[in-house]
Amino acid sequence: MEVLAADIGYGFTKVVSASRVRVYPSVVIPKLHTHITVDIDTGESPDIVSYGNTEYLYGSKATRFGKKSQFPPRHRCFTQSNTYAVLLLSALSLVHNRDVYFVTGLPVSVYENEGIKTSYQEWVLNILRPHGAINIKVLPQAMGAYYDAVLDIQGKPIDKNLLMKKCAVVDIGYYTTDIVVLDHLDLIYRETIPLGVSIACEFLVQELSSQKEISMHEAEMLLRGEKLFICGKPVDVGNTIEAAKDRAWNLISTAVTDRIGRGEDFHLVIPVGGGSVLYRNKLARLFKGAHFPHNPSLSNAYGYFKYGIRQIRKGSKDA
């Protein structure tokens, strides 16, 4: 059995298997273009998935087609949309085994609704089972980062004493920030705050509209360090980008500290998600016990993978 872990976010999809790791924009569009062949190998992945009776492009390839290619809008039905289904199927490109243990997560505000969680699991299984996924485990989204911090790649505890400590995970995503608090392995607090990196993206789209129309995806790329080009020439918009980052940070940091303070009561505060990369220095100053994973953007996906490995090993021992 092969473990496949996927963290499907509004901004980016992160997938981890035993042999590969992939990160790509959560952008999906129907395949409408015609590819022109000139016998040049670009080395690109096809990034095409068939779902229903339609072929879809996903990821970076999908972002090329039109200014309206952007991250999916935030709504509760995202996890049962065609976009989500295509992203689920895209994750299978990392495995070749027909016997897959699939691990993923849901925002904590959704996970705690048993009816929604059960319906989600059944829907995902119906999509993936024909392709070999026979087991699925759904976790509260930020729990992946916790498992990443406390388990090694074999799914074994790195330090058993750490498991008894009070720790918090702050997962700053695209539309939301998830907070979970654990103490002696009990999940004692969880909340989804409707604030994320999209605040900065929306600000950039609006502020730059007089110079160039950009999509939400392009705004995200500017936040991540890419340059803005107009007519092929780079344009300095650094001040606008910093203003956008500050606007989002002020709202997110205030909301988080209102709920868990500055982390004085925690052994560790683990900031993860794309927002933790943007605000690493600010988070390090905010939380004295801040512990940054090796790759905060991938931490949930790595944690899901480690959890899956641990469950399979436990199952083998039980057998």
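- Note: Tyr175 and Tyr10 have perpendicular aromatic rings, judged against thresholds of 30 and 60 degrees for the angle between ring planes.
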Show the numbers, then the answer: is there a side-chain contact (heavy atoms from CB on, under 4.5 Å) between Glu191 and Arg259? CA-CA 9 Å; Glu191 184 174 356; Arg259 287 156 175 82; 3.0 Å; yes
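- A 6.0 Å sphere centred on CG of Asp258 holds more than 12 heavy atoms belonging to other residues, nucleotides or ligands.
- Residues Leu208 and Val237 are in side-chain contact: their nearest non-hydrogen atoms beyond the backbone lie under 4.5 Å apart.
- Distance check, rounded to the nearest 0.5 Å: CG of Leu283 to CD1 of Ile270 gives 13.0 Å.
- No single ILVMFWY cluster, assembled from side-chain heavy atoms under 4.5 Å apart, contains both Leu222 and Val277.
- Taking CD1 of Ile48 as the reference point, atom OG of Ser93 lies at 12.5 Å (rounded to 0.5 Å).
- The line from CG of Asn135 to CE of Met1 is 4.5 Å long, rounded to the nearest 0.5 Å.
- For the pair Arg280 and Phe292, the cation-pi criterion (under 6.0 Å, within 45° of the ring axis) is fulfilled.
- In this structure a side-chain-to-backbone donor-acceptor pair under 3.5 Å is present from Ser276 to Gly273.
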What verdict does the side-chain contact (heavy atoms from CB on, under 4.5 Å) test give for Ile153 and Ile309, after you've listed the backbone C-alpha separation in whole Å, the side-chain angles of each residue and the deciding distance to 0.1 Å? CA-CA 8 Å; Ile153 196 64; Ile309 292 292; over 6 Å; no
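- Clustering ILVMFWY residues whenever any of their side-chain heavy atoms sit less than 4.5 angstrom apart, transitively, puts Leu106 in the very cluster that holds Tyr189.
- A donor-acceptor distance shorter than 3.5 angstrom exists from the side chain of Thr104 to the backbone of Ala6, with no hydrogens or angles considered.
- Not one N or O on the side chain of Arg247 forms a donor-acceptor pair closer than 3.5 Å with the backbone of Ile199.
- The CD1 atom of Ile252 sits 9.0 Å away from atom CD1 of Ile193, with the distance rounded to the nearest 0.5 Å.
- Nearest heavy atoms, Ala149 versus Leu162: O-CD2, 4.3 Å.
- Connection of Met143 to Leu185 is established within a shared hydrophobic cluster, with ILVMFWY side chains joined at heavy-atom distances below 4.5 Å, either directly or through further cluster members.
- Of the possible polar contacts, one joining the Glu218 side chain to the Ser215 backbone as a donor-acceptor pair under 3.5 Å is found.
- Residues Pro25 and His217 share a closest heavy-atom pair of CG-CE1, 3.5 Å.
- When all heavy atoms of Glu2 and Ser17 are compared, the pair lying nearest together is OE2-CB, 4.4 Å.
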Assess the residue pair Met216 and Tyr174 against the criterion (side-chain contact (heavy atoms from CB on, under 4.5 Å)); give the C-alpha distance rounded to whole Å, side-chain angles, the decisive distance to 0.1 Å, and a yes or no. CA-CA 11 Å; Met216 291 287 280; Tyr174 191 70; 3.1 Å; yes
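- When every heavy atom of Gly308 is checked against every heavy atom of Val3, the shortest pair comes out as C-CG2, 3.7 Å.
- The aromatic rings of Tyr120 and Tyr84 sit perpendicular to each other, their planes meeting at more than 60°, with 30° as the lower class boundary.
- Among Asn295, Val16, Val15, Leu94, the one residue that satisfies the side chain to side chain contact (heavy atoms under 4.5 Å, CB included) test with Val21 is Val16.
- Under a 3.5 Å cut-off, the side chain of Lys288 and the backbone N or O of Glu264 do not form any donor-acceptor pair.
- Tyr304 and Ile158 fall into different hydrophobic clusters, defined by Ile, Leu, Val, Met, Phe, Trp and Tyr side-chain heavy atoms under 4.5 Å apart, directly or through other members.
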Is there a side-chain contact (heavy atoms from CB on, under 4.5 Å) between Val197 and Arg224? Walk through the geometry before answering. CA-CA 11 Å; Val197 176; Arg224 289 171 173 260; over 6 Å; no
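- Note that OH of Tyr58 and OG1 of Thr83 are 14.0 Å apart. Values are rounded to the nearest 0.5 Å.
- Looking at Lys227, its side chain never comes within 3.5 Å of a backbone N or O of Pro234 through a donor-acceptor pair.
- In terms of modelled atom types and a separation under 3.5 Å, the side chain of His291 and the main chain of Val269 share no donor-acceptor contact.
- Between Leu286 and Trp249, the closest heavy-atom pair is CD2-CH2, 3.9 Å.
- Between Lys306 and Asp152, the closest side-chain pair of non-hydrogen atoms is not below 4.5 Å.
- In the hydrophobic clustering of ILVMFWY residues, with side-chain heavy atoms under 4.5 Å counting as a link, Tyr279 and Phe203 come out apart.
- Of the candidates Asn300, Thr176, Thr177, Thr192, Asp171 forms a side-chain hydrogen bond (donor to acceptor under 3.5 Å, both in side chains) with just one, namely Asn300.
- Taking Ser50 as the reference, Glu55 meet the side-chain contact (heavy atoms from CB on, under 4.5 Å) condition, with sequence neighbours excluded.
- In this structure, Ser209 contributes its side chain and Gln206 its backbone to a donor-acceptor pair below 3.5 Å.
- Two residues are said to be in side-chain contact when any heavy atoms from C-beta on lie closer than 4.5 Å; Leu204 and Thr240 meet this criterion.
- Panel note: side chain Ser198, backbone Cys201; no donor-acceptor pair is recorded below 3.5 Å.
- When only modelled atom types and interatomic distance are considered, Tyr24 and Ser90 share a side-chain donor-acceptor pair under 3.5 Å.
- Residues Leu223 and Ile241 form a side-chain contact, since some pair of their non-hydrogen atoms from C-beta on lies under 4.5 Å apart.
- Here the side chains of Tyr111 and Val180 are not in contact, with every heavy-atom distance at 4.5 Å or above.
- At a threshold of 4.5 Å between non-hydrogen side-chain atoms, the residues Phe287 and Val256 count as touching.
- Between Tyr56 and Leu89, every side-chain heavy-atom pair lies at or beyond the 4.5 Å cut-off.
- With Ser119 contributing its side chain and Gly115 its backbone, the two residues share no donor-acceptor pair below 3.5 Å.
- Here the options are Lys31, Lys61, Arg22, the test is salt bridge (charged side-chain N to carboxylate O under 4.0 Å, His left out), and the partner is Asp47; only Arg22 passes.
- Taking CD1 of Ile136 as the start and CD of Glu122 as the end, the distance is 10.5 Å to the nearest 0.5 Å.
- Counting heavy atoms from C-beta outward, Ile188 and Leu182 have side chains that stay 4.5 Å or more apart.
- Counted within 6.0 Å of NZ on Lys165, heavy atoms from surrounding residues, nucleotides or ligands total 12 or fewer; the atom is thus considered open.
- Taking each heavy atom of Asn161 and Asp159 in turn, the nearest pair found is N-OD1, 2.9 Å.
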